[in-house]
Amino acid sequence: MLAASRVSAFRPLAARPVRSMRTSASVNGPTKASLAPSSKKAEAKRSVAVMAQAPKVDPEEIVKTLSEQWDKVDNKGNALLIGGGGIFALWLASTVVGAINSV
């Protein structure tokens, strides 16, 4: 009885119709619906996002902080080895994800 309930739980999904990526606005030009006031709200939201500014960063401050931290490191060889290993791990993970993504 328990096995029967498990089998029924894994039924395949119903087939869905394939939708085209093209919309009527991109094929036939803009429609009245795309020129509706609701699209003005979306454009107003976009303009607010464009107006946001990133905080100012002083490159000299970053270099100064990094050089101070590097001077505090006692075993510089190990620090370079660990940093290189981290960069290699990121490259390897990127390669694996790219290979899986291309399948």
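Computation of the quantities below employed the complete heavy-atom set of this structure, encompassing side-chain atoms and omitting hydrogens, waters and symmetry-equivalent molecules.
- Scanning for side-chain contact (heavy atoms from CB on, under 4.5 Å) contacts around Leu90 gives an empty result, with sequence neighbours left out.
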Please tabulate, for side-chain N and O atoms in residues 54-63, each donor-acceptor pair with protein atoms closer than 3.5 Å (sequence neighbours left out).
none

When the side chains of residues 74-88 are checked against the rest of the protein, which donor-acceptor pairs come out under 3.5 Å, sequence neighbours left out?
residue : atom : partner : partner atom : Å
Lys76   : NZ   : Trp70   : O            : 3.1
Lys76   : NZ   : Val73   : O            : 3.0

Under 3.5 Å, which donor-acceptor pairs do the side chains of residues 91-99 form with other protein atoms, sequence neighbours left out?
residue : atom : partner : partner atom : Å
Thr95   : OG1  : Trp91   : O            : 2.9

